[in-house]
Structures are given as structure tokens and as C-alpha cells.
Engineer: 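Here it is, the structure, as C-alpha cells.
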Amino acid sequence: MSEEKQVLEVCKHFDVRGEYQRYEVIHSGHINATYRVYYLRDGELKDYILQRVNTYVFHDPVGVMDNISSVTEYIRAKIKAKFGTAKRNVLHYQKTKDDEYYVCMLDGSFWRCCRYIDDSVCFEKTDDLKVVEESGKAFGGFQLYLADYPVEKLCIVIPHFHNTVRRYAAFRDAIAADEEGRVKEVQGVIDDYLAVEEIATRCYRLQKEGVLPLRVTHNDTKLSNILFDADTHEYLSVIDLDTVMPGLVAFDFGDAIRTAGSTCDEDEKDLSKVALDIQKFEAFTRGFVSTVKDAITQAEKDSLSLGAIAMTLECGVRFLTDYINGDKYFKIHYPDQNLVRAKCQLALGLDMIKHLDEMQKIVKKYL
Ligand code: GN1
Ligand code: MG
């Protein structure tokens with residue numbers, strides 16, 4: 001079946017008024033397949049985001065949609081109570097004609113559909129410090145909206161997702177198996193990742209020791225997972241709620257610094273360009289910390305910068321593990337992209353380690 005025919009077949013299941021016009025492929029994101037679909041309704045074009053959920057990654061897509069629908073309803077109620085409307089400030093998933101938030105097709109593919117938020121943009125990277133500060137407010141705000149959400153109701157969609165200790169164990173297993181015969185060629189990068197295991201896993205161990213509490217977190221706080229108003233560049237909403245689960249505040253802070261606080265793309269090949277941008281770090285911290293400071297503990301405040309190191313190195317270890325395993329998990333657009341990503345994240349993580357004291361000082365400034 002052609003791609004367009006498949007999109008059309010899927011669309012028929014959702015309870016969307018109007019006439020289907022056309023679709024576009026959206027290329028960002030490493031996991032799901034994403035399309036923008038246009039409908040004509042009452043003489044106006046209305047657009048929707050249609051996604052095929054990657055069931056290799058998400059074994060319980062129904063659980064994912066249960067989490068997403070209840071979390072978005074929860075946030076919607078809070079925003080409506082505060083501002084009267086939540087139209088552009090939280091995702092709105094469409095129901096199917098069978099009153100579900102998803103459709104599972106005969107070929108086993110699993111789909112969902114949400115309204116496109118009008119006049120919104122997202123950024124893979126930015127040098128605009130105002131946008132970076134807004135990003136901090138966006139993820140800080142997400143944390144606050146869900147601070148009293150009953151965490152036990154969430155489905156654990158990917159067990160041990162940010163368990164950095166296990167990520168390293170999976171890395172060692174991949175090296176031992178060496179299924180694609182790639183280990184020899186990347187031994188230097190492997191050794192460099194093993195050398196920073198202690199600092200990479202420190203945050204996770206602090207949680208295990210009971211020092212850091214589990215909260216409802218987003219767990220995939222990259223810059224591109226925020227929508228901004230196309231004109232003002234103020235943040236509108238956090239998106240990609242697939243991995244909302246119990247987690248650490250430091251990890252939401254840290255994973256955002258990995259992208260919003262970096263000088264370059266996630267897969268920059270020229271490592272001389274890869275660094276922590278301390279001005280961006282400060283801008284994000286200003287937005288995030290000033291939003292959450294009254295809602296988190298002293299230990300959590302102390303852990304934020306460490307979270308940036310943890311998330312950057314953990315993500316890099318995952319890219320390298322996937323490269324060694326033969327690129328089964330993350331989508332790639334050229335053959336050694338996962339290796340390039342891994343080298344880039346290593347360089348970024350090492351630069352963060354160098355600047356840890358400076359980062360800590362900046363966090364303190366906004367507490
Ligand atoms: C994946 O799907 P996307 O691109 O938002 C991944 C994240 C990684 C990120 C790296 C479910 O996120 O954990 O940090 O790639 N999501 C999942 O860019 O594994
Ligand atoms: Mg994601």
C-alpha cells in the first residue's frame with residue numbers, strides 16, 4: 001500500500017470533521033513516524049499530527065496513550081482554571097469513531113492523532129537566549145503542573161528508561177556480543193565512555209539511596225519537544241509525552257541542557273565545535289529554576305548540573321550501544337550516524353564535567 005493510501009486509511013478511523021486534503025512527512029524525532037495531515041472544514045484548512053507509534057520501542061502503546069490522555073486532561077483542567085482556555089497550551093488528542101485515543105490497524109501498526117497547534121514552531125537548536133530561557137520555563141512548568149498528579153496511576157511504558165547503571169550494563173552486553181563486528185573499530189570511544197561511568201551514574205545512584213525523590217517527569221526534554229508561538233517565541237506547550245513516567249527532576253533539567261545548552265546539533269561531526277554553551281546554560285537555568293525552586297528539595301537543587309552530565313553521557317552510551325548492535329533502536333539517516341551522535345555526546349559530556357563547578361554556581365544564583 002502506498003504511504004498516502006495508508007495515511008488515508010488510518011485517518012478514516014479518527015473522528016475528524018471535514019474533508020481530507022493532503023499529508024506531509026515530518027522528519028524530526030528518532031522513534032515514531034510522524035505526518036502532518038490537512039483537512040478542509042467550513043472553507044478552512046485544519047491540520048493534525050498523525051503518528052505511527054514505534055511498537056519495537058513501546059511494547060505497551062495502549063499504556064502510552066492512557067498516560068498521555070490522562071496527563072493532558074490533567075494539565076488542561078489546570079490551565080483552563082487559571083487562564084480560561086487551554087487551546088494552544090496542551091496537546092489535544094482526537095478520539096476515534098470507537099471512542100478510543102488510538103487505532104490499531106490490521107497490519108498491527110498503532111496510530112494516534114492530535115490537533116496541530118496553530119501558529120506554532122519548534123526548534124532543533126537555537127542561539128536565541130530568550131528561546132532557551134522559555135524552554136526552561138516550559139519544562140519547569142510541566143513539572144509544576146504535574147507535581148500533585150498521582151504518580152502510581154502512570155503506566156511504566158519503558159521500564160528502567162533512565163536507569164544509567166542498566167544502560168551501562170546493556171552497553172557491556174553489546175560489546176561482549178559484538179554482533180556486527182563493530183567493537184574493534186570503536187574501542188577508543190568505548191574506553192572513553194567506560195572511564196566516565198562513575199560520574200554518569202551518580203545521579204541514578206543518589207535516587208536508589210533515597211537522596212533524590214521520584215516525581216512525574218517528562219523524560220525526553222529535548223528542545224525540539226517544545227512548541228513556541230511563531231511570532232513571539234514564547235513557549236506554548238511541551239510535546240512528545242510518550243515517556244512521561246516517574247523520574248528525576250535532574251534528568252528533565254539535564255536532558256534539556258543536552259540540547260538547549262549545547263553549541264551544536266546532537267550529531268555534529270566536527271568535535272572542535274562541540275561544547276556546553278555557558279550562556280545558554282544560564283538562560284535555561286534561569287527559566288527552569290525560577291519556576292520550580294519552591295517545589296523541589298535541596299538535594300534536587302544540588303543534583304541539577306549532575307543531571308546534565310548524566311543525561312548527556314547516558315544518551316551517548318545508548319547511541320553507541322545501538323551502533324554496536326546494528327542500529328536497531330534509533331532511526332538513522334546515514335550509516336554511522338549513531339556513532340557520530342555518540343562521539344558528539346561524549347565530547348559534550350566531557351566539556352560539562354570540566355565546567356561542573358561553574359554550572360553549580362549558576363544554579364545557586366537562581367535559587
Ligand atoms: C529519542 O523520539 P525522540 O527523538 O523524541 C529517545 C530519547 C533520546 C532522544 C535522543 C523513547 O527521542 O530517549 O534522548 O531520542 N526516545 C526514546 O535524541 O527512546
Ligand atoms: Mg520522544
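Both ligands and their constituent atoms are indexed starting at 1 by order of listing. Just so you know, these numbers use all the heavy atoms, side chains as well, and skip hydrogens, waters and symmetry mates. Everything quoted here is computed from the prediction, not taken from an experiment.
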Engineer: Please enumerate all residues that pass side-chain hydrogen bond (donor to acceptor under 3.5 Å, both in side chains) together with R22, with sequence neighbours excluded.
Structural biologist: E24
Engineer: Hey, which atoms in ligand 1 end up nearer than 4.0 Å to a heavy atom of C315?
Structural biologist: 10 (C), 14 (O)
Engineer: For ligand 1, which part of D240 has a heavy atom less than 4.0 Å away: the side chain, the backbone, both, or neither?
Structural biologist: side chain
Engineer: Of all the heavy atoms in R318, does at least one lie under 4.0 Å from an atom in ligand 1?
Structural biologist: yes
Engineer: Considering residues at least two apart in sequence or located in another chain, which fulfil the side-chain hydrogen bond (donor to acceptor under 3.5 Å, both in side chains) criterion with D60?
Structural biologist: none
Engineer: Examine K137 relative to Y235 and say whether NZ or CZ is less than 6.0 Å from the centre of the six-membered ring and inside a 45° cone about the ring axis.
Structural biologist: no
Engineer: Checking R112 against Y102: charged group under 6.0 Å from the ring centre and within 45 degrees of the axis?
Structural biologist: no
Engineer: Looking only at distances, please establish whether an N/O atom of ligand 1 is found under 3.5 Å from an N/O atom of K222.
Structural biologist: yes
Engineer: Ligand 1 versus N225, non-hydrogen atoms closer than 4.0 Å: side chain, backbone, both, neither?
Structural biologist: side chain
Engineer: Suppose we screen for side-chain hydrogen bond (donor to acceptor under 3.5 Å, both in side chains). Which residues come up paired with K301, at least two apart in sequence or across chains?
Structural biologist: none
Engineer: At a cut-off of 2.8 Å, what protein N/O/S atoms sit near the Mg ion (ligand 2)?
Structural biologist: D220 OD2, D240 OD2
Engineer: Pick one of side chain, backbone, both or neither for how R258 approaches ligand 1, counting any non-hydrogen atom pair under 4.0 Å.
Structural biologist: side chain
Engineer: Counting from 1, what ligand 1 atoms have a heavy atom of F319 closer than 4.0 Å?
Structural biologist: 10 (C)
Engineer: Could you list which atoms of ligand 1 come closer than 4.0 Å to a heavy atom of E266?
Structural biologist: 10 (C), 18 (O)
Engineer: Determine, for Y48 and R36, whether the Lys NZ or Arg CZ falls below 6.0 Å from the six-membered ring centre while staying within 45 degrees of the axis.
Structural biologist: no
Engineer: Going by the order shown, which atoms of ligand 1 are within less than 4.0 Å of some heavy atom of F58?
Structural biologist: 11 (C)
Engineer: Tell me whether the count of non-hydrogen atoms from other residues, nucleotides or ligands lying under 6.0 Å of CD in E185 goes above 12.
Structural biologist: yes
Engineer: Are any of the side-chain heavy atoms of L227 and C122 separated by less than 4.5 Å?
Structural biologist: yes
Engineer: Tell me whether the guanidinium CZ or amine NZ of K46 lies under 6.0 angstrom from the six-membered ring centre of Y20 and within 45° of its axis.
Structural biologist: no
Engineer: Which atoms of ligand 1 sit under 4.0 Å from any heavy atom of G29?
Structural biologist: 4 (O)
Engineer: Does N225 reach the main-chain N or O of D220 with its side chain, forming a donor-acceptor pair under 3.5 Å?
Structural biologist: yes
Engineer: Give a yes or no answer on whether the side chain of S120 reaches the backbone of Y116 with a donor-acceptor pair at less than 3.5 Å.
Structural biologist: no
Engineer: Check contact between R341 and ligand 1, using heavy atoms of the residue and a distance below 4.0 angstrom.
Structural biologist: no
